[in-house]
4 protein chains.
Amino acid sequence: MAKKRGLKYDKIIDAAVKVIAQNGYHHSQVSKIAKEAGVADGTIYLYFKNKEDILISLFEEKMGQFVDYIKHKLEGVTSDEEKLAILINMHLAQLEKDHNLALVTQLELRQSNISIRFKVNEVLKGYLGLIDSIIEQGKENGSFDEAIDTRMMRQVIFGSIDEVVTNWVMKDHRYELAPLAEPLHAFLMKGMISPKRLEEKR
Amino acid sequence: MAKKRGLKYDKIIDAAVKVIAQNGYHHSQVSKIAKEAGVADGTIYLYFKNKEDILISLFEEKMGQFVDYIKHKLEGVTSDEEKLAILINMHLAQLEKDHNLALVTQLELRQSNISIRFKVNEVLKGYLGLIDSIIEQGKENGSFDEAIDTRMMRQVIFGSIDEVVTNWVMKDHRYELAPLAEPLHAFLMKGMISPKRLEEKR
Amino acid sequence: MAKKRGLKYDKIIDAAVKVIAQNGYHHSQVSKIAKEAGVADGTIYLYFKNKEDILISLFEEKMGQFVDYIKHKLEGVTSDEEKLAILINMHLAQLEKDHNLALVTQLELRQSNISIRFKVNEVLKGYLGLIDSIIEQGKENGSFDEAIDTRMMRQVIFGSIDEVVTNWVMKDHRYELAPLAEPLHAFLMKGMISPKRLEEKR
Amino acid sequence: MAKKRGLKYDKIIDAAVKVIAQNGYHHSQVSKIAKEAGVADGTIYLYFKNKEDILISLFEEKMGQFVDYIKHKLEGVTSDEEKLAILINMHLAQLEKDHNLALVTQLELRQSNISIRFKVNEVLKGYLGLIDSIIEQGKENGSFDEAIDTRMMRQVIFGSIDEVVTNWVMKDHRYELAPLAEPLHAFLMKGMISPKRLEEKR
DNA sequence: GATGAATGAGCTTTCATTCAT
DNA sequence: CATGAATGAAAGCTCATTCAT
């Protein structure tokens with residue numbers, strides 16, 4: 001029933017990001033999104049099951065691109081430390097490039113009800129899995145401290161980045177975000193680096 | 001008009017925590033909270049300006065107690081490292097003690113609209129300021145690395161703790177939370193400790 | 001939740017009969033009924049579960065009065081033949097007195113969906129049971145032919161009266177209805193009278 | 001514009017009967033009927049003016065066949081009493097043979113709005129006229145009581161049969177319908193038979 | 001202070017119908 | 001003839017807030 005492809009599908013997704021960023025989730029009526037997309041209200045329902053589905057699809061779509069892009073950037077990189085650096089950098093850079101998207105993912109998407117939150121988390125798993133795999137590989141390669149619990153390390157990494165971005169959004173994007181990647185990476189590395197590798201560095 | 005004190009004031013706050021935790025934010029009508037509190041719908045408006053005000057007051061009230069309690073625990077503690085350990089420990093322990101409150105602060109409160117988010121952030125500033133002061137003092141005392149930006153360090157600390165708690169809540173409190181304080185503290189300390197102090201440790 | 005009594009309850013029922021008779025069921029918006037009743041839209045939902053519930057309650061209310069009234073008229077009547085005469089007469093006379101109600105029961109109420117039809121039938125059972133008891137008693141008393149199946153006889157009686165009323169409604173009440181009671185009764189009696197009683201009559 | 005003939009015309013009519021019987025009138029969207037008929041939504045509008053027109057045409061078509069078939073069966077029958085017996089029998093037997101059609105004519109068709117009801121009644125006139133002509137002829141031939149009003153007699157006949165069928169449909173076709181024709185006919189005849197003929201019978 | 005009946009604004013979704021291809 | 005993607009009007013119901021008692 002709901003077609004997940006087509007020119008209008010993309011138009012509606014983009015309209016939704018814009019309208020929700022501008023008006024907030026609770027004031028983004030379907031009719032407003034339709035108008036912005038240049039389609040009739042009913043057309044929305046040819047492409048999406050309901051209003052919730054717009055939100056989830058929006059996140060799936062953008063998050064998918066996001067993860068794919070980062071994976072692409074990581075290809076060929078051998079240093080585990082650098083991998084983490086690239087991930088943090090891309091995360092901040094991508095959201096800095098699209099203020100509206102940042103607003104939606106950091107604030108509006110979290111206003112939705114819990115059933116959406118769970119679906120969002122499902123989508124997020126792809127990204128969290130990516131972080132996990134970087135950590136695991138680093139531990140195997142002897143780059144990262146084997147003693148550290150992967151889940152905890154991932155929570156610190158994702159929680160830190162997320163908090164940094166949210167603070168930036170709530171401060172109205174008044175400062176540059178990407179430059180915060182380097183010190184954040186440096187800080188995290190001090191906690192993650194394996195004792196042996198630390199020794200070598202001296 | 002809205003009195004911020006009284007027996008019924010407290011009853012309503014506690015009813016709100018319970019009702020929101022049980023039913024979710026979007027299904028917590030004012031009438032339901034009134035019923036749980038054992039007062040009439042209209043009575044709510046003698047103590048709170050509107051529904052938003054219940055939420056914000058709830059957070060102010062609980063967060064205030066939370067911060068006061070941690071401040072109290074920190075009194076007399078001289079080691080900066082230990083201060084941070086206590087803060088993390090208290091944070092996790094307090095929320096583990098009250099599942100309902102954890103549900104409300106980690107998930108439900110964030111579903112409200114942005115104007116509430118900003119007011120909640122205002123309340124949160126007291127707690128974030130506490131973290132900042134621990135960091136600053138630690139830097140002054142030579143316990144923490146002076147080179148690290150205080151804001152970033154606070155974002156990492158708060159973001160990490162918050163992510164750890166949210167994961168625990170979304171996993172239905174299926175594991176113990178407080179034991180996660182120690183490894184988290186250890187991890188963070190590796191990134192924060194001053195080079196000089198690190199040297200001494202060897 | 002839905003209060004089945006009160007001044008406004010009656011006002012809404014009466015408004016519904018009027019509005020539905022005038023506009024037809026599908027063009028009788030809840031807001032229109034509320035306006036006619038002189039209450040707010042939301043007030044409707046303090047007294048009725050939903051729009052369907054107005055219809056069913058309307059029928060319950062009116063049918064209840066209808067059956068009670070006929071039962072009252074039958075009190076003290078001993079002749080089974082006369083009982084049937086009174087029932088037919090009352091049925092036609094009552095509906096003739098209230099054109100709007102006749103319109104609603106004969107046409108509009110049957111436009112509703114099947115779930116309503118079944119509930120309406122449930123309410124109707126009280127009336128059909130009354131007819132059944134007249135038949136049974138007549139058979140016991142030797143007034144009516146024992147050989148005739150009660151259910152079939154009731155279907156003929158009710159079906160005939162109903163068809164007569166519906167024809168009158170669809171002909172815009174352009175002729176008098178009550179006078180049709182006598183010939184209808186006479187006709188039905190010829191089929192129902194017991195052979196023995198018939199013999200006596202000669 | 002709307003062609004009343006063609007292969008697809010019949011396909012759509014039959015699809016409508018099936019879909020309405022299965023899903024109920026209010027859940028029988030044009031698109032569903034189109035799908036069942038194996039044509040595009042738009043094609044419906046090449047054969048029918050609008051949705052109402054499908055319903056009316058359906059009834060015209062089926063009712064026409066129905067009346068033709070009964071007329072055919074009545075050919076050559078000379079006894080007026082037997083004519084009525086055949087009519088009742090055919091009426092019940094035809095609907096018993098097609099449960100879907102019975103569902104549609106007895107319940108679903110009556111859920112449509114009043115303008116349809118009037119058009120349906122127009123179509124019904126052919127059948128009612130047939131009943132009328134049997135009555136009139138019977139009165140002329142001295143078989144039926146001349147004193148009885150033809151319209152009333154027809155209302156009793158049609159009302160009774162209709163009620164019998166509706167009861168059967170609402171009881172989910174749980175018993176056999178055709179066997180009810182004989183007692184119904186016998187009952188009606190007792191009221192209709194002319195006094196003179198009755199005398200002869202003794 | 002306390003009550004709770006009443007208010008009425010606000011929005012998602014369906015589906016008959018059209019028309020460019 | 002046939003298609004089916006697109007249209008857009010239309011309405012039931014909820015719930016925060018008020019105010020007469």
Side-chain angles (χ1 to χ4, degrees), chain A residues 1 3 6-9 12 26-35 37-54, chain B residues 1 3 6-9 26-35 37-55, chain C residues 1 3 6-9 12 26-35 37-54, chain D residues 1 3 6-9 26-35 37-55:
Chain A
M1 179 168 280
K3 300 183 304 182
L7 175 62
K8 301 208 171 176
Y9 177 81
I12 293 166
H26 288 297
H27 294 103
S28 294
Q29 297 86 339
V30 171
S31 60
K32 219 178 248 173
I33 295 173
K35 198 171 188 181
V39 301
D41 292 16
T43 305
I44 299 269
Y45 292 86
L46 294 176
Y47 293 89
F48 301 90
K49 229 174 56 233
N50 50 35
K51 195 184 174 185
E52 253 191 45
D53 193 32
I54 305 178
Chain B
M1 176 168 283
K3 299 186 314 175
L7 174 62
K8 300 204 172 179
Y9 176 81
H26 287 297
H27 293 105
S28 295
Q29 298 84 343
V30 171
S31 60
K32 217 178 251 173
I33 295 173
K35 199 172 187 183
V39 302
D41 293 16
T43 305
I44 298 268
Y45 291 86
L46 296 174
Y47 292 89
F48 300 90
K49 224 169 68 226
N50 50 34
K51 194 184 177 185
E52 267 193 16
D53 192 32
I54 305 178
L55 269 180
Chain C
M1 179 167 283
K3 298 184 305 179
L7 174 62
K8 300 208 170 176
Y9 176 79
I12 293 166
H26 287 298
H27 293 105
S28 294
Q29 298 86 337
V30 171
S31 61
K32 221 179 247 172
I33 296 173
K35 198 172 187 181
V39 301
D41 293 17
T43 305
I44 300 268
Y45 293 88
L46 294 177
Y47 292 90
F48 301 90
K49 228 172 59 231
N50 50 36
K51 194 183 174 185
E52 254 191 43
D53 191 34
I54 305 178
Chain D
M1 176 170 284
K3 302 185 313 174
L7 175 63
K8 299 205 172 178
Y9 176 80
H26 287 297
H27 293 105
S28 295
Q29 298 85 341
V30 170
S31 61
K32 217 178 250 171
I33 296 172
K35 197 172 187 181
V39 302
D41 294 15
T43 305
I44 299 268
Y45 292 86
L46 295 176
Y47 293 90
F48 300 89
K49 224 171 65 227
N50 50 34
K51 194 184 176 185
E52 267 193 16
D53 192 32
I54 305 178
L55 269 180

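Below, read A as the first sequence line, B as the second, and so on, with proteins coming before strands; counting in each chain starts at 1.
Both Val39(C) and Glu52(D) lie close to DNA chain E; mapped to their nearest nucleotides by heavy-atom distance, the more 5′-ward contact belongs to Val39(C). Residue whose closest nucleotide on DNA chain F sits further toward the 5' end, between Lys51(B) and Asn50(C): Asn50(C). When the nearest nucleotides of DNA chain E are assigned to Ser28(A) and Gly38(C) by heavy-atom distance, the more 5′-ward of the two goes with Gly38(C). Mapping Gly42(B) and His26(B) onto DNA chain F via the closest heavy atom, the residue that lands nearer the 5' end is His26(B).
One interatomic measurement links the two molecules: CG of Asp41(A) to C1' of dT13(E), which rounds to 10 Å at whole-angstrom precision. Remark: P of dG4(E) and NZ of Lys8(C) are 17 Å apart, rounded to the nearest angstrom. Atom C1' of nucleotide dT17(E) and atom CG of Asp53(D) are separated by 14 Å, given to the nearest angstrom. Rounded to whole Å, the distance from CG on Leu7(A) to C1' on dA6(F) is 13 Å. The separation between Lys32(C) atom NZ and dA10(F) atom C1' is 12 Å, rounded to whole Å. For the pair Lys49(B) NZ and dA16(F) C1', the interatomic distance rounds to 14 Å; values are reported in whole Å. As rounded to whole Å, 13 Å separates atom P of dG4(F) from atom CG of Leu46(D). A straight line from CD1 of Ile12(A) to P of dT13(E) spans 14 Å, rounded to a whole angstrom.
Formation of a donor-acceptor pair under 3.5 Å by the Lys51(D) side chain with backbone atoms of Val30(D) is not found in this model.
Atom NE2 of His27(D) has 12 or fewer heavy atoms from other residues, nucleotides or ligands within 6.0 Å.
Rounding to the nearest 0.5 Å places CD1 of Ile54(D) at 6.5 Å from OH of Tyr45(D).
Residues Ile33(A) and Ser28(A) share a closest heavy-atom pair of CD1-O, 4.2 Å.
OP1 or OP2 of dA2(E) lies within a sub-4.0 Å distance of a side-chain N or O belonging to Tyr47(B). Contact annotation: Thr43(C) does not reach the phosphate of dA6(E) (side-chain N/O to OP1 or OP2, under 4.0 Å). For the OP1/OP2 pair of dC15(F) and a distance below 4.0 Å, the side-chain nitrogens and oxygens of Ser31(B) include no atom meeting the criterion.
Judged by Watson-Crick or G-U wobble contacts below 3.5 Å, the nucleotide dA6(F) has dT17(E) as its partner.
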After noting the C-alpha distance and the side-chain angles of Asp53(B) and Asn50(B), does the key distance pass the side chain to side chain contact (heavy atoms under 4.5 Å, CB included) rule? CA-CA 5 Å; Asp53(B) 192 32; Asn50(B) 50 34; 3.5 Å; yes

